[in-house]
Structure formats: structure tokens, C-alpha cells
Amino acid sequence: MKSLFACLCWGCLLSLPALQSASAQTTPAAVSSPAKRLPLEGQWQGPLPVPGGKLDVRIAITELANNAYFATLDVPQQRLSRVPMEVRVQGDTVTFSSAEVGCRFVSRRQPEGPKLVGQWEQPGYKTALTLQYSPLPPPPKNFKFQPPYRIEEVTITVPADGVQLSGTLTTPAGQGPFPAVVLLSDMGPQNRDAAFADYNLFGSIADYLTRHRVAVLRFDDRGVGRSTGDSRLITTPLRVQDAQAALNFLRARPLLDVTRLGLLGHGEGANVALLAAAQPLPPAFVVSLAAAGVPGREHLAYQQALGRADGQPDTTQANEIRRQELQLQDVRRQAEKMRASGANSAQVETFLAQQQMRQRSAQKKLIEANLKKQQTLIDVVRQTPDNTQARAILENMLRQFYPTMAAAQVLSTAEWMTTPWYRYYLDFNPLQGLAGVRCPVLLLYGNEDVQVNPVVNLAPLEKNLKGSISLTVKRLEGLNHQFQPPMVDWPLVGGQSQPVFSPVALETIHDWILPTTQTAK
């Protein structure tokens with residue numbers, strides 16, 4: 001795209017010395033008093049002088065949060081549309097730049113009217129340019145703002161069985177080559193955004209990394225969305241094959257650096273990434289978010305005891321845990337009333353400590369009781385290879401253990417616990433083969449993760465990954481299994497708290513990937 005635009009400006013430069021001289025004289029001079037600050041958001045349009053004529057240039061500016069701006073460049077005669085531009089505002093000086101087309105426009109807002117006057121620059125060419133303001137047209141219904149990077153719908157074929165994975169590849173603006181990462185989801189069938197309610201875990205990661213010069217490939221799991229295959233038949237080894245196929249897909253992309261292609265997995269996806277790193281043609285790096293470090297049956301028993309494992313619809317215990325969480329919030333409100341009534345800090349702290357101890361003790365007893373039930377159910381599955389017989393036993397035991405569980409939930413739970421994935425995962429050893437990992441690895445956990453406790457799961461992985469080229473271990477304060485900060489730190493959207501992936505975690509991942517890939521290269 002850069003060469004297409006540049007050919008217009010460079011074709012007759014040698015015959016136009018006067019134009020360059022004149023343009024140098026028309027560079028906006030500093031004014032003694034600042035111009036009135038007119039709004040920047042809108043469309044700015046004007047004729048750009050070029051050898052042999054003029055080009056209609058349009059720059060659309062949208063105001064973002066924190067006084068930042070995003071702009072796109074349109075040049076209809078050159079078929080350039082929505083080319084991303086960076087915007088810098090210093091006083092009345094506004095600078096636009098685009099690495100994609102290799103241009104820069106340094107302008108100044110004028111006090112006498114809504115226009116930008118300045119100098120357009122490309123290698124070997126400068127000219128004066130004035131852009132006039134007009135409001136942005138109202139967006140159409142269901143309009144979604146185009147982010148400043150390339151978005152491509154792709155299909156990945158898994159050679160072993162011909163399954164086709166439907167995904168999205170986002171690539172930064174510019175010529176590259178860029179580092180890239182494949183995202184691998186947690187246990188259970190998930191779409192490419194790893195969406196849960198209003199929270200898009202992978203959508204957030206992909207958007208942030210791509211805006212910061214790292215390409216991202218994410219895809220629907222087998223049997224989800226537009227991906228083929230049967231989600232009920234998937235196992236962890238099949239997921240490793242899918243990860244390898246995704247890496248090979250990226251190796252054929254010309255804008256991506258084949259020496260800097262990695263895997264980023266969450267939960268089970270993190271274990272899949274580590275397993276793939278021990279195979280031939282490994283990734284250049286692995287980012288592991290909340291990987292399990294204990295045997296599969298222990299991990300599943302604990303997940304199900306919490307009532308939070310995929311496919312486990314045990315609403316009885318889950319509702320009890322939520323009830324205790326609401327009680328904790330009520331305790332905090334009582335503490336605020338104590339402060340308002342004149343209680344001193346020592347009294348309030350003592351009250352909070354007592355209540356928290358009671359809550360933790362009650363929750364621990366609940367989890368321990370449920371853990372015994374889940375371990376009994378798991379033993380049934382391991383000792384009963386016939387699925388029909390195993391389901392009948394499981395259904396009977398579930399009705400006795402959880403009398404209030406709905407009949408449909410009993411059937412779906414028994415069916416889930418006899419799937420190929422579940423049976424395989426019961427004997428899964430996440431540490432096996434890790435000695436073969438030779439690429440840099442980032443092990444990242446949230447300190448408030450109750451689903452994959454870092455205290456239990458981190459140490460075994462860290463011990464078995466000592467042979468990797470570079471191992472980085474980080475535990476981030478206040479983050480849960482979904483890498484969300486506490487609710488008090490969530491942004492308000494329409495007066496409602498909106499779940500968000502931790503900005504600290506995003507920066508940590510990005511800041512580790514770029515130096516790591518540069519060193520590896």
C-alpha cells in the first residue's frame with residue numbers, strides 16, 4: 001500500500017523544485033497567542049497538491065478516553081480507505097502519522113475558522129496542505145468502530161483428521177514482519193473470544209496485543225461456532241494437534257516473523273501450549289495463564305467441588321458459595337456502619353477479622369464436603385469403563401448427593417463425566433514431557449484464583465520447567481482465574497460495572513513477549 005501511494009508523489013519531483021520551495025515557506029509559523037481550542041473530532045478534508053494534479057485527502061478523527069484520539073486516512077482516488085493514523089496533540093499543533101503509507105501531516109488549528117493548516121511530508125516530498133472541518137456523519141445502526149489494525153477471517157485445517165477451525169487473525173498496521181501468538185482456551189468448548197456473559201477474555205487480549213504490534217490468531221474450538229468437529233470427542237492430545245496446526249498456519253503468513261511465533265493458553269489451554277512446546281516444531285515462546293500443575297483427577301475434583309468446572313451444573317454448592325460471598329459483602333457494609341457510628345479502627349479491624357475467619361472456615365468445610373462427593377463420583381468413572389453402566393451409577397449417586405439438582409442437570413452431568421475428554425483428563429499428568437520444553441516460558445497467575453490455586457499448582461510446573469531457555473514466574477495481586485481485577489476497579493459503562501481483563505496483566509504479557517521474541521531472533 002505504501003508504494004501505491006508514494007508513486008503519485010514521487011513521479012515528477014525533479015521537475016517541480018519551485019513547489020518544494022514554496023511549500024517550505026508555507027509551514028505554519030508560531031503565533032504569539034494560542035488559538036481557540038476547536039473540537040478535533042470530525043472529518044477534515046482538503047486537496048493535496050501532487051505532481052500532475054491534486055488528491056482529495058480525508059482524515060476522520062474520533063476522540064477516545066484519556067484525551068487521546070484515533071484517526072483514519074481516506075484517499076478515494078488511490079483507493080486508500082480507513083488507513084490507521086497516529087495522532088499527537090501538543091497545544092494547537094496536531095501531528096498525524098501513518099507507518100503504513102509512510103506519511104506525516106504536521107498542522108496547526110486556526111483561530112479564524114475550523115481548519116487545519118500545515119505541511120504534508122513523505123520521503124523526498126513536502127507540500128502545504130489545508131484541511132477543512134465537517135462533522136462526522138451519524139453512524140449507521142449497529143455500527144462497530146473499526147480498530148486500527150487488519151482483521152481477517154481465516155480457516156485452519158488440522159492435517160491429522162481434516163477438522164477445520166474457523167478463526168480470526170488480527171495483524172498490526174504496517175509492513176512487518178510481526179511477532180504473533182495463538183490463543184488456546186480453557187477446558188470446555190469455547191468460541192474464539194472465550195466469551196462468558198459480557199466478558200470476552202480472548203477478545204480483550206487480541207485487541208490489546210494487536211494494537212501494540214503483536215499479531216494474534218484466535219479460533220472457535222472444535223464443534224463451536226463455524227469450526228467443524230465434535231466437541232464431545234475432543235481430548236487434550238487433539239487440542240495439541242489443533243495448536244500445532246494453528247502455528248503452521250501462521251508460518252505461511254508473509255507479514256509474520258516465523259522466528260517469533262508463540263502460544264498463549266488459559267487454564268487447560270496453557271497446559272496444551274506447554275505440551276506443544278515439547279513437540280517437534282515448537283513455538284518460539286509460551287505464555288501460560290493459570291496452568292494446572294497437579295494430576296487431572298485432583299484438578300477436576302477440586303473444580304467440581306467449587307461448582308465451577310465446565311459441564312458441572314451443581315447449582316446447589318455453587319449457590320451456597322455465592323451466598324457466602326454475599327455474606328462477606330454484608331460484613332463489609334456492617335463495618336462501614338460501625339465506622340459511621342464512631343467505632344475506632346482497632347474495633348472495626350477486629351470485627352472484620354472475626355467475620356472473615358468464620359467465612360473462610362464455613363467455605364472450607366463446604367468445599368471439603370463436596371470434594372469427598374466428587375472424588376467418589378470420579379472413582380466410579382475410573383472403575384467403570386462401560387459408559388452406559390457408569391452413567392446409570394452416576395445419575396443415582398448425583399440424585400442422592402444433591403437432592404435439589406434438576407433432572408436435566410443430573411443427566412447432563414453424568415453424560416459429561418463419561419465423555420472422552422473427561423476420561424482422558426482424569427489420568428492427565430501436566431508435568432509429563434515438560435523436560436523437553438526449550439523455549440522461553442512465562443507462568444502467570446492471579447493471586448485470587450480459587451479455581452487454579454497458584455500455591456498448589458505453580459511450584460510443580462516451575463520445578464519441571466527449569467530446563468527451558470528462560471523461565472519467568474509472576475503472580476499478580478488481586479486477580480481471579482479470569483484475570484479480572486476486583487469489581488471496584490471495573491469501569492462503569494452505562495452506570496453498570498463492566499468486567500475487564502486486568503490492564504496490569506495485559507502490560508505484563510506484552511512487555512514479556514516483545515523483549516523475549518527480540519532476544520530469540
Side-chain angles (χ1 to χ4, degrees), residues 65-66 195-201 204 289-290 302-309 312-374 401-406 409 444-458 474-508:
N66 302 320
F196 179 76
D198 295 330
Y199 180 58
N200 295 324
L201 189 152
S204 301
L289 305 181
Y302 186 72
Q303 292 268 298
Q304 291 171 233
L306 291 171
R308 297 179 181 180
Q312 167 59 24
D314 185 2
T315 54
T316 304
Q317 63 203 50
N319 287 337
E320 175 61 23
I321 291 174
R322 282 195 291 271
R323 185 187 66 80
Q324 292 186 10
E325 290 173 346
L326 291 174
Q327 279 186 338
L328 185 57
Q329 294 177 13
D330 184 59
V331 166
R332 291 170 181 155
R333 285 192 290 269
Q334 291 181 46
E336 291 301 321
K337 289 182 181 180
M338 289 177 63
R339 291 189 183 96
S341 301
N344 59 40
S345 298
Q347 291 172 322
V348 173
E349 291 300 325
T350 300
F351 169 76
L352 285 174
Q354 291 173 342
Q355 296 300 317
Q356 287 175 357
M357 287 180 62
R358 290 174 184 171
Q359 288 285 336
R360 289 171 182 168
S361 176
Q363 189 171 22
K364 183 179 179 181
K365 289 179 181 178
L366 174 65
I367 292 175
E368 287 175 348
N370 283 322
L371 192 57
K372 291 180 180 179
K373 295 176 182 177
Q374 295 302 328
F401 287 165
Y402 309 107
T404 60
M405 182 181 286
Q409 292 178 327
L444 199 61
Y445 290 84
N447 262 352
E448 298 302 318
D449 188 345
V450 296
Q451 293 176 257
V452 182
N453 189 330
V455 175
V456 175
N457 290 275
L458 174 55
K474 291 194 176 184
R475 292 170 56 175
L476 302 181
E477 292 294 334
L479 305 190
N480 61 16
H481 182 65
Q482 302 295 328
F483 285 81
Q484 299 166 330
M487 284 188 65
V488 293
D489 295 330
W490 291 5
L492 290 176
V493 178
Q496 299 292 324
S497 294
Q498 185 70 29
V500 62
F501 195 99
S502 163
V504 174
L506 289 172
E507 290 177 8
T508 300

Evaluate the side-chain contact (heavy atoms from CB on, under 4.5 Å) criterion for residues K373 and Y402: first the C-alpha distance (whole Å), next the side-chain angles of each, then the deciding distance (0.1 Å), finally the verdict.
CA-CA 10 Å; K373 295 176 182 177; Y402 309 107; 3.6 Å; yes

Is there side-chain contact between S204 and V500, with at least one heavy-atom pair below 4.5 Å?
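SC-SC contact between S204 and V500 ruled out.
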
So, does Q498 use its side chain to make a donor-acceptor pair with the main chain of D198 at under 3.5 Å?
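Between the backbone of D198 and the side chain of Q498 there is a qualifying donor-acceptor contact (under 3.5 Å).
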
Output every pair passing side chain to side chain donor-acceptor pair (under 3.5 Å) with a member in residues 339-350, not counting sequence neighbours, ordered by first then second residue.
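Of all non-adjacent pairs touching residues 339-350, those that pass side chain to side chain donor-acceptor pair (under 3.5 Å) are E336-R339.
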
Hey, are the side chains of R475 and V455 touching, using non-hydrogen atoms and a 4.5 Å cut-off?
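Yes, close enough: below the 4.5 Å cut-off.
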
Which residues satisfy the side chain to side chain contact (heavy atoms under 4.5 Å, CB included) test with E507, sequence neighbours excluded?
Y208, D511

Which pairs, with at least one residue in residues 445-455 and sequence neighbours excluded, count as a salt bridge (Lys or Arg N to Asp or Glu O under 4.0 Å)?
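Of all non-adjacent pairs touching residues 445-455, none passes salt bridge (Lys or Arg N to Asp or Glu O under 4.0 Å).
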
When rounded to the nearest 0.5 angstrom, what is the spacing between NZ in K372 and CZ in F401?
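Nearest 0.5 Å value for the NZ-CZ distance: 11.5 Å.
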
Taking only residues two or more places apart in sequence or in another chain, which ones pass side chain to side chain donor-acceptor pair (under 3.5 Å) with Q482?
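Here no residue qualifies.
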
With Y445 via ring-ring contact (aromatic ring centres under 6.0 Å, His included) - residues at least two apart:
none

Ignoring hydrogens, what is the shortest heavy-atom contact between L479 and A505? Give both atom names and the distance.
CD1-CB, 4.1 Å

Would you please name every residue forming a side chain to side chain donor-acceptor pair (under 3.5 Å) with N480, sequence neighbours left out?
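Side chain to side chain donor-acceptor pair (under 3.5 Å) list for N480, sorted by chain: Q484.
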
Once ring-ring contact (aromatic ring centres under 6.0 Å, His included) is applied, do any residues pair with F501, and if so which ones, sequence neighbours excluded?
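Here the qualifying residues are F483.
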
P486: partners by side chain to side chain contact (heavy atoms under 4.5 Å, CB included), with sequence neighbours left out:
V488, D489

Paired with V452, the side chain to side chain contact (heavy atoms under 4.5 Å, CB included) test is passed by just one of L289, L458, N457, namely N457

Please give me the minimum heavy-atom distance between P454 and G446, naming the atom from each residue.
CG-O, 3.7 Å

